[in-house]
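Per chain, numbering begins at 1; letters A, B, ... match sequence-line order.
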Protein chains: 2
Amino acid sequence: MRLSSSWEGDAFDPECPTRIVLDRVGDKWTVLIIGILDEGPKRFSEIRLAIGGITPKVLTSTLRSLVADGLVTREVFAEVPPRVEYELTDLGRSLQEPVAALRRWAELNVAAISDNRSRVAR
Amino acid sequence: MRLSSSWEGDAFDPECPTRIVLDRVGDKWTVLIIGILDEGPKRFSEIRLAIGGITPKVLTSTLRSLVADGLVTREVFAEVPPRVEYELTDLGRSLQEPVAALRRWAELNVAAISDNRSRVAR
DNA sequence: CCGAATCCTTCTGGATACTG
DNA sequence: CAGTATCCAGAAGGATTCGG
């Protein structure tokens, strides 16, 4: 399995695993949410409060897509008042590792990027 | 330095290092381009051909932002015909590591995600 | 309490044609 | 060869309001 080399003629591929994961993880809320859920199961409102500034519609749709991807489970408790808990799956938990690697790189190097950005003033 | 816990009340922060890097790396062409440049310096047309399907405008703007972030250098040679070479900086090269980690995770787990997606049919 | 429905804005990226 | 210039479509995300 070759990872580098032989890019010649390759086109953009929306089915590429890396692309799928980048789309998944690159969206505005995913990393934040799975970071919160890493503490343990959380209710809708807890997540919403923990993030602060996310509208219910956006939180709902993000959670739905996370569930659809198998990264999060959604459990409804038949109670009054209703309670819904979201929890990371093993798959979702395993995603934390590469994300943490990116986070570490970010914290080490984002200063350099920001410096360049302000200097160049694109 | 605590990474987890204490999310309480935290809001979405566009200045968060992780967010900046996710925005940088999550865009449509960045990972593809730095993957190509990992082989060595490349000319505009080489990159364009290697990717296939990117318009010059988009390639230009992506390369410009990569240069602005200090991940890539742009060198103009005063020749006829004109030649411009793009090359990874050390910073750009160092980014390959966390990206590779994400790529590995993707290749291991994207099947599971795709399975779930097709099953759930969101 | 946990969303759904609707409407709207913004932003990325693309099509096409042209230039130093 | 290496871009620019215009114009534009689609999707993500947000504001607000309403429902089970």
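- Distance from the side chain of A/R64 is smallest to C/dA4 among D/dC1, C/dA4, D/dT4.
- For B/R43 and D/dA2, the shortest distance from a side-chain N or O to OP1 or OP2 is below 4.0 Å.
- When distances are taken from the side chain of B/T55 to each of C/dA15, D/dG20, C/dG13, the shortest belongs to C/dA15.
- Among the atoms of the strands shown, none is found under 4.0 Å from any heavy atom of A/R48.
- Each of A/I54 and A/P82 has a nearest nucleotide on DNA chain D; the 5'-most of these lies closest to A/I54.
- Of the charged side-chain nitrogens involved, none lies within less than 4.0 Å of a carboxylate oxygen, so that B/D38 and B/R93 do not count as a salt-bridged pair.
- Among the atoms of the strands shown, only primed sugar atoms or phosphate atoms (P, OP1, OP2) are found under 4.0 Å from some heavy atom of B/Y86.
- Comparing D/dC1, D/dG14, C/dC1 against the side chain of A/W29 picks out D/dG14 as the nearest.
- The hydrophobic cluster containing B/F77 does not contain B/V80, counting ILVMFWY residues as joined when their side-chain heavy atoms lie under 4.5 angstrom apart, directly or transitively.
- Of all nucleotides listed (D/dG3, C/dC1, D/dG14), D/dG14 comes nearest to the side chain of A/K28.
- Spacing between atom CG of A/D23 and atom P of D/dG10 amounts to 18 Å, rounded to whole angstrom units.
- Of the residues listed (A/T73, A/I34, A/I33), the one engaging A/L88 in a side-chain contact (heavy atoms from CB on, under 4.5 Å) is A/I34, and it is the only one.
- For the residue pair B/R24 / B/S65, a side-chain donor-acceptor distance below 3.5 Å is found, with atom types taken as modelled.
- Nearest-nucleotide assignment on DNA chain C puts the 5′-proximal partner with A/V84, out of A/V84 and B/P56.
- Rounding to whole angstrom units, CG of residue B/D27 and C1' of D/dA11 are separated by 16 Å.
- As judged by a 4.0 angstrom heavy-atom cut-off over every strand, B/R83 is placed among residues touching the sugar-phosphate backbone only.
- Using a cut-off of 4.0 Å between Lys/Arg side-chain N and Asp/Glu carboxylate O, B/E39 and B/K42 are scored as salt-bridged.
- Atoms CG (B/L63) and C1' (D/dA2) sit 11 Å apart, rounded to a whole Å.
- Per the geometry, NZ belonging to A/K57 stands 23 Å off P belonging to C/dC1, to the nearest Å.
- Atom CD of B/E79 and atom C1' of D/dA2 are 13 Å apart (whole Å).
- The B/F44 side chain lies nearest to D/dA2 when the options are C/dG14, D/dG13, D/dA2.
- In this entry the distance linking CG of B/L32 with C1' of C/dG13 reads 15 Å, nearest Å.
- Nearest to the side-chain atoms of B/S45 among the listed nucleotides D/dC1, C/dA15, D/dG3 stands D/dC1.
- Whole-Å rounding puts the A/L66 CG to D/dA12 P distance at 14 Å.
- One hydrophobic cluster, built from ILVMFWY side chains closer than 4.5 Å, holds both B/F12 and A/I36.
- Side-chain atoms of A/T60 lie closest to C/dG3 of the nucleotides C/dG3, D/dA2, D/dG14.
- The shortest distance between the side-chain N/O atoms of B/R74 and the OP1/OP2 oxygens of D/dG3 is below 4.0 Å.
- Atom CG of A/L59 is separated from atom C1' of C/dA4 by 13 Å (rounded to the nearest Å).
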